[in-house]
J.: 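One structure follows; several queries about it will come next.
Both counts, for ligands and for their atoms, begin at 1 and track the order of listing.
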Amino acid sequence: MPVTDTAHSLFISDLHLCDSRPAISRLFFDFLQNTAIHADALYILGDLFEYWLGDDTLDVPLNQQVSLALRQLADSGVAVYFMHGNRDFLIATQFADACHAQLLTDPSLIDLYGTPTLLMHGDTLCTDDVSYLAFRAQVRDPQWQNQFLAQPLAARISIAQQARAQSESSKQEKATEIMDVNTVAVHEALRQHDYPRLIHGHTHRPAQHPIDIDDHHCQRWVLPDWYDKGGYLRCDTLGCQFVSLTV
Ligand code: LP5
Ligand code: MN
């Protein structure tokens, strides 16, 4: 660790890694080797992958490269945490073990250098998106997942492609506000966890939102996606700040 660097943790989400955007994968590997290596911990808050069709795809080249790079980071002493997103909710212990990472439940409350901090992917805060939440309930059902994972990979690819196409056409008909967090849901999450700082992704609307609620002053930090460029949130004892990464 450089002598000037104070203890800090990094937060990323919504990288949507896939073969069709190799520059973003390279940016991610560079971030792991040159930036995350200096942190105490790296928290990946969902949608690391464009989609995940089961841990039996670990030997696909991109998946293998990612798990190896995360394992090297973890083995160098950086704690690596992974939370599911709506694209990679099928990641399970085989992937986590290959990365030497720990799976986090959504939500997870952590003590971040003395500040209680609530970590979420963010999709469950979008309570106005009723059709998405119905879809989510279906695909998070263990019985549905077992049936899906029992199918040959070609069948899973085809189902995922259909789901992506339906999701895209369904989003065309949704007002943009519906696909953002619901204020009441955010307040409820903050109340339930005794007014922590909140960090989440999913909406691809990076921002720092101050929230005054029940005589408490909270912060909601929304992580950026990694579509055209990358970015992360860096937090230490003094607070958090966004850092952009260009391709
Ligand atoms: O993903 P994104 O950011 O574009 O949109 C999300 C919500 N959509 C989803 C669906 C995923 O994109 C689908 C791909 C998942 C890959 C996992 C692979 C393994 C599982 C296969 C699953 C069948 O998460 C979108 C939200 C948006 O975020 C903003 O929050 O609005 O929600 C939707 O658009 C869902 C629709 O409203 C309703 C459901 C359509 C999908 C139906 C699936 C049918 C499967 C066909 C089977 C033969
Ligand atoms: Mn998401």
J.: Can you tell me the protein heavy atom closest to atom 18 (C) of ligand 1 and the distance?
T.: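 Ranking protein heavy atoms by distance from atom 18 (C) of ligand 1, first comes L53 CD2, 3.8 Å.
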J.: Which atoms of ligand 1 sit under 4.0 Å from any heavy atom of D129?
T.: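 Those atoms are 26 (C), 29 (C), 30 (O), 31 (O).
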J.: Would you mind naming the N, O or S atom of H202 nearest to the Mn ion (ligand 2)?
T.: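 So the atom name we want here is ND1.
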J.: What is the nearest protein non-hydrogen atom to atom 34 (O) of ligand 1, stated with its residue, atom name and distance?
T.: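 In this structure, atom 34 (O) of ligand 1 has S167 OG, 3.1 Å as its nearest protein heavy atom.
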J.: When you measure from atom 6 (C) of ligand 1 to every protein heavy atom, which one gives the shortest distance, and what is it?
T.: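 Looking only at protein heavy atoms, the one closest to atom 6 (C) of ligand 1 is N86 ND2, 3.4 Å.
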J.: Between L90 and ligand 1, which residue portion shows a heavy-atom distance shorter than 4.0 Å: side chain, backbone, both, or neither?
T.: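 It is the side chain that touches ligand 1; the backbone stays farther off.
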J.: Taking only heavy atoms of E168, which atoms of ligand 1 are found under 4.0 Å from at least one of them?
T.: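 In order of number, 4 (O).
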J.: When you measure from the heavy atoms of H204 to every atom of ligand 1, does any distance fall below 4.0 Å?
T.: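 It does not; every heavy atom stays at 4.0 Å or beyond.
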J.: Taking all atoms of both residues into account, what is the closest heavy-atom pair of V80 and L73, and its distance?
T.: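 Where V80 meets L73 most closely, the heavy atoms are CG2-CD2, 3.8 Å.
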J.: Would you say F49 contacts ligand 1, with heavy atoms under 4.0 Å as the rule?
T.: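 Not so, F49 does not reach ligand 1.
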J.: In terms of atom number and element, which parts of ligand 1 are under 4.0 angstrom from non-hydrogen atoms of Q162?
T.: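 Result: 48 (C).
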J.: Any N/O/S atom of D47 sitting less than 2.8 Å from the Mn ion (ligand 2), backbone or side chain?
T.: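 A backbone or side-chain N, O or S atom of D47 is under 2.8 Å from the Mn ion (ligand 2).
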J.: Would you say H16 and R21 are linked by a side-chain donor-acceptor pair, where the criterion is simply a distance under 3.5 Å?
T.: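 Note: R21 and H16 side chains miss the donor-acceptor criterion.
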J.: If only side-chain N and O atoms count, and only distance matters, is there a donor-acceptor pair under 3.5 Å linking D40 with Y113?
T.: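 On atom types as modelled, these side chains qualify, holding a pair under 3.5 Å.
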J.: Between CH2 of W221 and CZ of F242, what distance do you get to the nearest 0.5 Å?
T.: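 Interatomic distance, W221 CH2 to F242 CZ, rounded to 0.5 Å: 6.0 Å.
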J.: Just jot down the ligand 1 atoms closer than 4.0 angstrom to any heavy atom of I159, in number order.
T.: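 What qualifies from ligand 1 is 23 (C), 47 (C).
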J.: For atom 16 (C) of ligand 1, which protein heavy atom lies nearest, and how many Å away is it?
T.: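 Result: Y51 CB, 3.7 Å.
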J.: Check whether any N, O or S atom of S13, backbone or side chain, sits closer than 2.8 Å to the Mn ion (ligand 2).
T.: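 It does not; every qualifying atom lies at 2.8 Å or beyond.
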